[in-house]
Every structure is written in structure tokens, then in C-alpha cells.
Amino acid sequence: MADNQVIIGKIVAPHGVRGDVRVIPLTDFPERFHQLEAVYTDDGAKLTVESARFHKQFVLIKFRSIQTMNDAEQLRGKLIKVRREDAVVLPEGHYYFFDIIGLAVYTESGDYLGEITDILQTGSNDVYIAEKANEKPLLIPALKEVVRQIDIPGKKIVVKLQEEWDDDSEN
């Protein structure tokens with residue numbers, strides 16, 4: 001993400017009269033809310049977390065500087081974020097979507113195929129959508145035999161296209 005922050009939730013409403021807020025988690029790791037010390041809102045404000053607990057499908061968060069329902073109401077609709085370096089560390093070979101989107105895609109022989117613009121979740125495996133100017137989008141299954149290398153720091157993905165599989169099987 002451009003601002004080097006990761007969205008983890010959205011404040012939907014105040015909860016009670018003491019300034020708690022009701023948050024919809026927007027993360028695959030909702031347990032992370034128990035360890036939060038601080039978050040940032042989408043307008044750049046830093047909020048110190050006093051406590052967090054789960055209630056139904058929501059996380060109820062008490063921020064140190066928010067003491068009343070009226071204060072909490074001012075946060076309604078705001079996204080909450082953490083710094084990228086505070087994101088949950090994924091196992092090797094797993095990546096966040098925001099790390100993949102924007103990467104340049106190349107074949108093993110170095111041909112440029114486009115840039116990842118979106119990721120489809122199909123259930124069995126993800127599919128990367130690579131787009132290049134004036135060409136149809138290329139759908140790339142996120143399988144080890146297709147995606148040969150993901151280089152986040154180098155901002156590129158190397159793939160082996162299906163046509164190349166056919167060439168290998170003829171040998």
C-alpha cells in the first residue's frame with residue numbers, strides 16, 4: 001500500500017456510553033486485536049488501544065483518548081490500520097494480496113506479460129490477473145508449477161505459461 005499501512009478493521013458505531021467503538025474486523029487474523037497497542041485511522045490519527053474484546057461478529061475497542069459516546073461517534077466509518085511492519089508475519093511462501101498486486105509478471109525467458117491488477121479467489125487456488133496495455137488480461141493460476149518465483153523486493157513474478165508446459169511434455 002502506498003502509505004505503508006495495512007487496513008485491519010472499520011469502525012461502524014459507538015458501543016455504550018464510555019467511548020468504546022464497534023469494529024468490523026477486515027483481517028484474516030482477528031486474534032491480532034488482543035495484542036494491539038496503537039492503530040491509525042484513515043485520516044492519519046494515531047489512537048492508543050486500552051482494551052479490545054470480541055462481541056458477536058465485532059471487536060469492541062476502547063481507545064485511551066476516547067472517553068464518551070460523542071467522542072466515539074466521531075470515529076464512525078473510519079478505517080483502522082497498523083503499520084506494514086506490524087502486520088502478522090506469514091509463513092514462507094505465503095503473501096498478502098497487497099504485496100502481490102502491482103508486481104510485474106515475466107516469463108522464465110524474460111518476456112514481460114503485464115502487471116498484477118487483481119486476484120480472484122476461486123476456492124481451489126487463487127488466480128492472478130495480469131494486465132498489459134492494449135491486450136486482453138492474462139489469468140495466471142497461483143500454482144507452484146505456474147508461479148515459479150515471487151520476488152516482493154524486486155517487484156516481480158516469474159511464471160511458466162501453459163504453452164510452455166506443452167513444450168516440456170513434447171520432449
Side-chain angles (χ1 to χ4, degrees), residues 1-105 114-131 137-144 147 150-157:
M1 299 181 74
D3 61 3
N4 205 27
Q5 294 179 338
V6 180
I7 297 168
I8 61 166
K10 181 177 183 177
I11 299 170
V12 292
H15 182 83
V17 296
R18 293 188 177 95
D20 291 16
V21 294
R22 194 175 304 156
V23 174
I24 294 176
L26 300 175
T27 174
D28 288 335
F29 307 100
E31 66 279 0
R32 73 170 331 179
F33 285 94
H34 289 299
Q35 287 84 36
L36 283 178
E37 294 178 9
V39 298
Y40 300 87
T41 61
D42 45 357
D43 59 4
K46 181 178 180 180
L47 298 169
T48 302
V49 176
E50 204 169 281
S51 67
R53 64 188 191 282
F54 289 90
H55 178 70
K56 299 181 182 176
Q57 76 269 29
F58 300 105
V59 181
L60 303 179
I61 299 179
K62 173 70 175 116
F63 296 114
R64 188 164 290 140
S65 60
I66 307 299
Q67 299 300 318
T68 68
M69 185 187 307
N70 289 340
D71 293 341
E73 182 63 43
Q74 301 301 310
L75 297 175
R76 182 188 295 267
K78 294 196 183 293
L79 296 173
I80 56 174
K81 305 174 182 184
V82 294
R83 296 176 307 168
R84 172 65 181 98
E85 57 266 23
D86 294 332
V88 174
V89 177
L90 297 177
E92 187 173 330
H94 292 78
Y95 304 92
Y96 285 108
F97 282 11
F98 57 81
D99 283 334
I100 300 292
I101 292 174
L103 296 182
V105 182
E115 181 178 300
I116 303 292
T117 58
D118 202 359
I119 300 173
L120 301 175
Q121 293 181 284
T122 65
S124 58
N125 60 273
D126 293 339
V127 176
Y128 301 151
I129 300 175
E131 295 190 49
L138 179 64
L139 302 178
I140 303 166
L143 301 170
K144 288 182 182 180
V147 178
I150 296 178
D151 179 2
I152 301 296
K155 299 186 184 309
K156 74 176 191 174
I157 292 180

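Along the sequence shown, the residues carry numbers beginning at 1. Owing to the predicted nature of the structure, the values given are computational and were not obtained by experimental measurement.
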Engineer: Grab the two heavy atoms, one from Val82 and one from Ala38, that are nearest each other, plus how far apart they are.
Structural biologist: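 The answer is CG1-O, 4.4 Å.
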Engineer: With a 4.5 Å heavy-atom cut-off, do Phe98 and Arg84 have their side chains touching?
Structural biologist: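 Phe98 vs Arg84: side chains touch.
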Engineer: What residues form a ring pair (Phe, Tyr, Trp, His ring centres under 6.0 Å) with Phe29, not counting sequence neighbours?
Structural biologist: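 Not a single residue meets the ring pair (Phe, Tyr, Trp, His ring centres under 6.0 Å) criterion with Phe29.
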Engineer: Are Leu75 and Leu47 side-chain neighbours, meaning at least one heavy-atom pair lies under 4.5 Å?
Structural biologist: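 They are in side-chain contact.
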Engineer: Any chance CD of Glu37 has more than 12 other-residue heavy atoms, nucleotides or ligands included, within less than 6.0 Å?
Structural biologist: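 Not buried by this count: 12 neighbours or fewer within 6.0 Å.
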Engineer: Thinking salt bridges, do Asp86 and Lys81 make one under a 4.0 Å N-O criterion?
Structural biologist: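 No.
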Engineer: Between His34 and Phe54, does the ring centroid distance fall short of 6.0 Å?
Structural biologist: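 Close enough - the centres of the two rings lie under 6.0 Å apart.
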Engineer: Considering non-hydrogen atoms only, spot the tightest contact between Ala87 and Val6 and give its length.
Structural biologist: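 Closest approach of Ala87 to Val6: CB-CG2, 4.3 Å.
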Engineer: Kindly indicate whether the side chain of Asp126, heavy atoms from C-beta on, has any atom under 4.5 Å from the side chain of Tyr95.
Structural biologist: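 Sidechains of Tyr95 and Asp126: no contact.
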Engineer: Check whether any side-chain heavy atom of Thr68 lies under 4.5 Å from a side-chain heavy atom of Val17, and answer yes or no.
Structural biologist: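 Not touching, per the 4.5 Å side-chain cut-off.
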Engineer: Looking at side-chain heavy atoms only, is the closest gap between Phe97 and Gln121 below 4.5 Å?
Structural biologist: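 Yes - at least one pair of side-chain heavy atoms lies under 4.5 Å apart.
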Engineer: Under a 4.0 Å N-O cut-off, is there an ion pair linking Arg53 with Asp20?
Structural biologist: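 Looking at Arg53 and Asp20, the cut-off is met.
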Engineer: Roughly how far, to the nearest 0.5 Å, is the CD atom of Glu50 from the CZ atom of Arg64?
Structural biologist: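 Between Arg64 CZ and Glu50 CD, I get 5.5 Å after rounding to 0.5 Å.
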Engineer: Side-chain contact test, heavy atoms from C-beta onward, threshold under 4.5 Å: evaluate it for Asp151 versus Lys156 and give yes or no.
Structural biologist: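 A side-chain contact under 4.5 Å exists here.
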Engineer: Return the minimal non-hydrogen interatomic distance between Ala72 and Pro14, and the atom names on each side.
Structural biologist: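 Closest heavy-atom pair between Ala72 and Pro14: CB-CB, 3.8 Å.
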Engineer: Working to the nearest 0.5 Å, report the span between CZ of Phe63 and NZ of Lys46.
Structural biologist: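 Going from CZ on Phe63 over to NZ on Lys46, the span is 12.5 Å.
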Engineer: Check whether any side-chain heavy atom of Lys10 lies under 4.5 Å from a side-chain heavy atom of Ile80, and answer yes or no.
Structural biologist: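 Answer no - side chains too far apart.
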Engineer: Tell me whether the count of non-hydrogen atoms from other residues, nucleotides or ligands lying under 6.0 Å of CZ in Arg18 goes above 12.
Structural biologist: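 Open.
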Engineer: Any side-chain heavy-atom pair from Ile157 and Ile100 closer than 4.5 angstrom?
Structural biologist: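 Result yes, sub-4.5 Å side-chain heavy-atom pair found.
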Engineer: Only counting residues at least two apart or in another chain, list the ones meeting salt bridge (Lys or Arg N to Asp or Glu O under 4.0 Å) with Glu73.
Structural biologist: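 Per chain and number, Glu73 pairs via salt bridge (Lys or Arg N to Asp or Glu O under 4.0 Å) with Arg76.
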